[in-house]
Amino acid sequence: MLKEKKNELERTYIKDAFSKNGKVFLKGWVYEVRDLSKIRFVILRDVSGQIQTIGLDSKTDKESFELMKSLNRESVISVIGDVKESKQAPGGKEVLVEKIEVIAKAENPLPIDVSDFSKTELPKRLDYRFLDLHRKETQAIFKIQSTIQQAYMEFMIKEGAVMAQFPSIIGSSSEGGTDLFNVQYFEKKACLSQSCQLYKQMLACSMEKVFAIFTVWRAEKHNTVRHLNESRQFDYEQAFADDKIVMEVLGRCVQYIVKRVMELNKEELEVLNVKLKVPGVNYLTFGEVSEMMKKYKIHVGKDDLSGDAEKKLGELYPDTVVFVHDWPLSGKPFYIMPKGKDLSYGFDAIYQGMEISSGGQRVHLPELLIERLKAKGLNPKDFKAYVDSFRFGAPPHAGWGVGLERITMLILGLPNIREAVLFPRDRDRLTP
Ligand code: ATP
Ligand code: MG
């Protein structure tokens with residue numbers, strides 16, 4: 001069996017066919033069919049690219065030639081043929097078809113337009129995401145998202161951080177505030193994790209530098225272009241660190257990610273018509289940003305930036321990770337270290353006009369933590385195990401979280417975060 005297989009012509013990816021001459025065996029999806037009666041064209045696509053195949057009445061196997069005019073778009077076929085130079089063909093090469101076989105027929109009509117010029121709206125595309133993924137643009141986004149994850153891991157491993165996995169079902173709220181999705185855990189009530197905050201902190205207090213790609217669920221009933229109810233986060237936590245140290249790490253991390261996308265995804269960036277620049281880094285205090293925004297008559301909250309202020313920062317500092325630090329204490333969660341009475345060692349990072357990350361130095365002192373919980377109207381009893389974890393040798397530590405879909409959206413300038421998640425979970429969507 002194995003021996004027989006060896007004698008078969010091996011499949012060539014379309015991208016590689018361009019550097020070949022002679023016989024190739026291609027597999028892929030029918031993108032377009034053109035019938036000029038004695039000449040028939042099929043544009044074939046696979047994950048690596050697309051190529052024109054040409055059938056000639058005189059040269060192509062009779063049955064295959066017949067087939068060429070009746071192929072449905074997006075059907076899966078295999079093609080055996082000769083790669084030939086052609087001045088008219090895109091890329092300067094085409095495949096003269098010897099034989100075509102249908103591997104899997106696509107029904108006609110397709111439920112959505114999957115051409116490069118598709119005008120099908122996003123909700124409909126998401127209903128048929130499996131088919132939307134036949135499109136070059138959609139594939140480009142998720143190839144780039146794959147690089148973003150790879151680059152994040154590469155960066156963190158080079159930093160000497162340990163990759164961690166945390167539980168997604170938890171016994172009680174990890175942060176307070178946000179709405180949670182409840183689940184029944186045998187006879188107990190549990191919920192889906194809204195963040196791995198407390199776990200990554202506990203881990204940093206022994207392993208020093210830790211990171212994770214962690215799925216979070218937030219039952220917030222918003223319906224915006226920047227929020228999902230299920231999203232993935234790049235989390236980082238470092239012992240013996242303050243806000244300054246981890247902001248610097250985050251700046252380099254975003255720079256590294258963008259640099260890797262520029263290196264590894266040239267073709268995809270071209271498909272999406274995106275020109276990237278490795279971002280610079282800038283530091284401003286919350287107070288400085290508030291003052292600055294007065295000039296532009298843009299509202300800034302007492303302890304939070306408005307969407308308009310984030311947008312303005314994006315305009316003022318394009319291609320820059322802007323760290324807004326010395327954040328008002330009242331605007332940060334209980335676990336963020338106070339800086340004096342009103343400020344904190346917490347920060348947000350704004351990139352291309354939107355928050356990509358929140359972070360800061362944590363409270364590692366149990367008594368202060370209890371005080372902060374109370375100040376936020378939370379019951380320290382509900383956080384006893386967490387507080388107690390800092391009683392037996394917990395160093396100062398700091399960290400941050402970046403949304404994977406959020407950073408994908410901002411790097412690529414996508415208008416809606418749903419473009420940056422394969423199968424979104426939002427206020428209305430639970431399928432596919
Ligand atoms: P935002 O102000 O944008 O609502 P947040 O301050 O509530 O975000 P954090 O809890 O600070 O969010 O989460 C850290 C990061 O995770 C954010 O900076 C963002 O990149 C991402 N993120 C947060 N919430 C969502 C969400 N609902 N959908 C997608 N990404 C999110
Ligand atoms: Mg935040």
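Whatever order the structure lists them in is the order used to number ligands and atoms, beginning at 1. Only this structure's heavy atoms are used, side chains among them; waters, hydrogens and symmetry mates stay out.
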Under 3.5 Å: donor-acceptor pair, side chain of Thr224, backbone of Arg226:
yes
Do Glu288 side-chain atoms and Thr285 backbone N/O form a donor-acceptor pair below 3.5 Å?
yes
If the cut-off is 4.0 Å to any non-hydrogen atom of Gly401, which atoms of ligand 1 fall inside it?
14 (C), 15 (C)
Considering only heavy atoms of Leu228, which atoms of ligand 1 have at least one such atom less than 4.0 Å away?
26 (C), 27 (N), 28 (N), 29 (C)
May I ask you to determine how many protein N/O/S atoms are under 2.8 Å from the Mg ion (ligand 2)?
2
Any heavy atom of Gln233 under 4.0 Å from ligand 1? The part involved is side chain
Contact partition for Ser357 relative to ligand 1, non-hydrogen atoms under 4.0 Å
backbone
Hits for ring-ring contact (aromatic ring centres under 6.0 Å, His included) against Tyr283, two or more places apart or cross-chain, chain-then-number order -> Phe323
Phe211 meets the ring-ring contact (aromatic ring centres under 6.0 Å, His included) criterion, sequence neighbours left out, with Tyr152
For Glu263, is the CD atom crowded, meaning more than 12 foreign heavy atoms sit under 6.0 Å from it?
yes
Any N or O on [X] sitting closer than 3.5 Å to an N or O of ligand 1?
X      : value
Ile356 : yes
Gly403 : yes
Glu220 : no
Ile417 : no

Proximity of [X] and [Y] rings by center, below 6.0 Å:
X      : Y      : answer
Tyr335 : Tyr386 : no
Phe347 : Trp327 : no
Tyr128 : His134 : no

If the plane angle is over 60° it's perpendicular, under 30° parallel, otherwise tilted; pick one for Phe155 and Tyr256.
tilted
For atom 1 (P) of ligand 1, which of Glu310, His227, Arg232 has the closest heavy atom?
His227
Closest to atom 7 (O) of ligand 1 by heavy-atom distance, out of Arg218, Glu355, Gln194, is Arg218
Whether Lys332 and Asp303 form a salt bridge (side-chain N of Lys/Arg under 4.0 Å from carboxylate O of Asp/Glu) is what I want to check.
no
Salt bridge (charged side-chain N to carboxylate O under 4.0 Å, His left out) filter on Arg425, not counting sequence neighbours, yields none
Whether Arg226 lies under 4.0 Å from ligand 1, heavy atom:
yes
